[in-house]
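Step one of this worksheet: look at the structure below.
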Number of protein chains: 2
Amino acid sequence: MTVTLADVAARARVSPATVSRVLNGNYPVAAATRERVLRAVDELDYVLNGPASSLAAATSDLVGILVNDIADPFFGIMAGAAQTEIGGQEGTGRAGGEKLAIVCNTGGSPERELTYLTLLQRQRAAAVILTGGALEDPRHTAAMTAKLARLADAGTRVVLCGRPPLPESDAIVAALAFDNRGGGRRLTEHLLALGHRRVGYVAGPLERTTTRHRLEGHWAAMAAAGLSEEWRAGGAAEERESLTVHGPYTRRSGYEATLELLRRAPDLTAVVAANDTVALGACAAVREQGLRIPQDVSVAGFDDLPFAVDAVPALTTVRLPLYEAGARAGRLAMGTEAPPPGGIATIAAELMARASTAPPRRD
Amino acid sequence: MTVTLADVAARARVSPATVSRVLNGNYPVAAATRERVLRAVDELDYVLNGPASSLAAATSDLVGILVNDIADPFFGIMAGAAQTEIGGQEGTGRAGGEKLAIVCNTGGSPERELTYLTLLQRQRAAAVILTGGALEDPRHTAAMTAKLARLADAGTRVVLCGRPPLPESDAIVAALAFDNRGGGRRLTEHLLALGHRRVGYVAGPLERTTTRHRLEGHWAAMAAAGLSEEWRAGGAAEERESLTVHGPYTRRSGYEATLELLRRAPDLTAVVAANDTVALGACAAVREQGLRIPQDVSVAGFDDLPFAVDAVPALTTVRLPLYEAGARAGRLAMGTEAPPPGGIATIAAELMARASTAPPRRD
DNA sequence: ACGGCCGCAGCAAGCGCTTTCTATGAGGTA
DNA sequence: TACCTCATAGAAAGCGCTTGCTGCGGCCGT
């Protein structure tokens with residue numbers, strides 16, 4: 001039925017061992033023999049049995065890339081870049097060093113995240129790349145740390161991309177963290193410099209590192225401008241809360257949250273969104289209220305996804321070098337690039353001031 | 001070092017066979033014994049060895065989803081939907097019927113497409129979903145047909161999603177094809193009905209089924225309106241060609257191609273793009289030329305990706321039910337849903353007339 | 001009360017490959 | 001010529017799991 005190594009060996013009139021060695025190319029085989037074997041492989045249309053080979057060798061050439069939402073280009077871009085570095089060109093046997101990247105969509109679910117790690121552990125994956133923000137649940141964090149430790153024990157290289165390093169875990173080859181806090185701060189500073197004082201914030205889901213860091217940057221800027229004082233005077237933390245609404249990283253959330261913000265504070269002059277997708281929803285909501293962007297309300301996003309520049313007006317946002325980060329993560333996973341000192345690198349976030357933000361109208 | 005089935009068996013004071021049966025749950029095991037085994041599994045933090053298990057059982061619970069470009073939401077949405085149906089919740093053992101979806105990014109490369117199919121064949125994948133348009137190269141088509149036949153032989157279920165069925169191949173469980181031709185035709189008819197006569201077309205890459213079908217729909221509409229006559233009079237096929245430019249499915253391509261079209265035919269009143277992403281680039285180009293949308297030039301896309309409705313003006317496009325199609329493909333791959341009669345289903349494409357198209361200006 | 005069944009657990013034979021160790025012959029050296 | 005060294009190829013022992021078949025008590029039927 002299915003062709004096995006032994007069949008190839010028989011046809012090439014050599015032993016199975018020799019065929020294996022030809023295919024793996026890590027043992028001297030006479031040119032003539034190799035030739036004969038390769039011909040047999042070709043003629044029989046032989047395909048290596050992955051499970052058998054992984055079992056015997058106790059390794060595989062799979063690299064897992066975990067993403068929170070595959071439909072979101074934020075992850076797609078990173079995953080694609082990583083995958084480019086990891087490769088995927090090979091013939092019947094294993095070409096040298098080439099690995100195969102597979103993308104696993106967790107949908108943001110912690111269970112699924114662990115499930116996929118288990119799968120990859122099962123498959124003895126060569127490396128795992130975790131992209132995007134992490135959930136800040138102590139239980140889940142502990143489970144992840146433990147799981148990653150076991151993976152590392154088994155020889156799997158673990159790389160984080162766009163995710164802060166795990167506390168006291170030495171299982172990780174490298175962590176590339178985006179400077180979400182700094183980016184968030186600079187974005188709000190830009191708004192403040194334009195003269196805005198009443199700034200609404202459509203935040204991402206609670207308990208995500210990305211959400212928290214961006215929000216912290218925002219608040220830091222507000223506080224530095226002395227605006228936290230105003231809050232304190234005018235009603236303490238509730239006031240601050242009232243200008244922040246949480247929701248998923250979706251357009252719809254941006255739309256609804258912005259309507260809500262506008263209802264709570266009609267005198268808002270700017271809305272900062274958790275990311276560009278959310279910002280698009282915010283724009284729609286602002287327009288629906290008959291307000292103009294940026295004359296009446298400024299809107300800003302985060303990430304600088306490709307479509308941000310095409311929004312009308314072009315979206316002010318914070319550029320994250322997603323492609324570069326993904327590619328670097330890919331190289332780290334392959335062991336092609338040396339890890340940064342301490343295994344941790346912070347990736348700069350650059351403010352992209354565009355047309356969707358302007359000074360507030362003077363009433 | 002690593003915990004094996006045997007270790008678990010020893011701790012639970014049963015035979016390895018029993019542990020295996022508890023984990024796979026397809027053989028009667030006394031409740032008390034099962035309990036003991038599960039406890040041992042938990043205590044030892046045991047993880048099944050995937051390769052070993054796949055080898056022995058000659059199957060695996062992996063489902064591969066091949067996509068052309070993971071950074072493109074077009075694919076992300078389908079893949080995400082399919083993955084939702086396929087699941088990914090399971091404990092240490094294999095929960096009943098649950099499979100694990102992995103996404104493979106071919107980047108549009110035929111070699112990589114085959115490589116991934118080989119990988120999945122190697123892994124004895126339970127099913128494979130191929131999304132998006134196919135390459136129309138006879139050599140590659142033949143290779144794919146052969147490869148899919150072998151996969152099917154080995155028991156892998158093959159589902160096509162958004163891709164036309166392969167000629168004379170019975171390897172396929174089902175093919176869900178989008179009505180790209182019909183959608184393209186209706187879109188151009190809409191433009192013609194508005195009064196447009198000079199319509200530019202920014203097409204996708206050559207030799208892709210999707211590109212060709214959409215283009216055929218466009219031409220069919222033009223011909224039906226008697227506009228092919230005008231062409232014939234005014235310079236035969238070259239004229240028709242001159243209003244069509246090919247390029248990749250990227251924003252940049254849309255931008256450049258539109259500038260080129262405007263140069264060739266300054267009297268153009270409408271531009272149809274291969275998809276929404278390309279349309280965004282087209283919009284940018286039109287604006288850069290100082291032209292207004294839709295007053296001076298109408299622009300239309302295809303796919304109705306989430307951001308299409310957020311473009312300003314909102315983009316006229318053709319809606320493809322990507323999520324539904326992906327989900328259905330997922331169910332077909334799981335065997336949860338009966339294949340359509342003949343294994344082939346055409347999925348309707350709906351015209352979404354929005355603000356980016358309007359009657360041409362009367363000069 | 002005895003044979004037959006049935007429910008449950010164990011034995012052992014692989015699944016197809018990798019890899020260590022051993023065998024063999026050719027070529028070089030003293 | 002006898003001995004030693006390489007360079008290659010083969011033999012065989014698993015890798016960790018699944019599963020057909022066997023074995024063993026206890027319960028039922030008559």
Side-chain angles (χ1 to χ4, degrees), chain A residues 1-38 40-41 44-62 92-94 118-119 121-124 126 154-155, chain B residues 1-38 40-41 44-61 92-94 118-119 121-124 154-155:
Chain A
M1 180 67 206
T2 48
V3 184
T4 73
L5 233 210
D7 299 330
V8 176
R11 188 168 235 278
R13 321 188 113 271
V14 296
S15 74
T18 302
V19 177
S20 170
R21 296 201 260 246
V22 168
L23 262 25
N24 291 294
N26 46 17
Y27 190 90
V29 173
T33 314
R34 147 174 293 112
E35 202 48 46
R36 204 141 33 89
V37 169
L38 289 178
V41 164
L44 294 176
D45 208 3
Y46 170 68
V47 172
L48 197 62
N49 180 315
S53 140
S54 299
L55 171 58
T59 59
S60 83
D61 47 8
L62 252 46
T92 300
R94 303 217 197 94
T118 301
L119 167 77
Q121 184 182 355
R122 276 230 241 300
Q123 302 297 334
R124 310 238 111 86
Chain B
M1 183 64 205
T2 46
V3 183
T4 73
L5 233 210
D7 298 331
V8 176
R11 187 168 236 275
R13 320 186 113 271
V14 296
S15 74
T18 301
V19 177
S20 170
R21 298 202 258 246
V22 168
L23 261 25
N24 291 295
N26 46 16
Y27 191 89
V29 174
T33 315
R34 147 175 293 112
E35 201 48 47
R36 207 142 31 89
V37 169
L38 289 178
V41 163
L44 293 176
D45 209 1
Y46 169 68
V47 172
L48 197 62
N49 180 315
S53 137
S54 300
L55 171 58
T59 59
S60 83
D61 46 9
T92 301
R94 300 216 198 94
T118 301
L119 167 77
Q121 185 181 355
R122 276 230 240 300
Q123 301 297 333
R124 310 236 109 93

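To find a chain, count down the sequence lines: A is the first, B the second, and so on, and within it residues start at 1. Please read these numbers as outputs of a predicted model, since none were measured by experiment.
Residues B:D7 and B:T2 come closest through the heavy atom pair OD2-O, 3.8 Å.
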Show every donor-acceptor pair shorter than 3.5 Å between a side-chain atom in residues 26-37 of chain A and any protein atom, with sequence neighbours excluded, or say none if there are none.
residue: A:R34; atom: NH1; partner: A:V29; partner atom: O; Å: 3.4
residue: A:R36; atom: NH1; partner: A:A12; partner atom: O; Å: 2.5

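For the helix from C:dA1-D:dT30 to C:dA30-D:dT1, the terminal axes (five pairs an end, C1' atoms, rotation from four pairs onto the next four) enclose an angle of 40°, given to 10 degrees.
Applying the side chain to side chain donor-acceptor pair (under 3.5 Å) criterion to A:Q123, with sequence neighbours excluded, gives no partner residue. By the side chain to side chain contact (heavy atoms under 4.5 Å, CB included) test, B:A17 pairs with B:S15, B:R21, sequence neighbours left out. When the side chain to side chain donor-acceptor pair (under 3.5 Å) test is applied to A:R11, the partners found at least two apart in sequence or on another chain are A:E43. Every residue meeting the salt bridge (Lys or Arg N to Asp or Glu O under 4.0 Å) condition with A:D45, not counting sequence neighbours, appears here in chain and number order: B:R150.
No donor-acceptor distance shorter than 3.5 angstrom exists from the side chain of A:S20 to the backbone of A:P16, with no hydrogens or angles considered.
Taking atom CG of residue A:N26 and atom P of nucleotide C:dT19, one finds them 7 Å apart after rounding to whole Å.
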- With B for base contact, S for sugar-phosphate-only contact and - for none (protein heavy atoms under 4.0 Å), nucleotides 9-16 of chain D reads BBB--BBB
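The line from OG1 of B:T4 to CG of B:L44 is 9.5 Å long, rounded to the nearest 0.5 Å.
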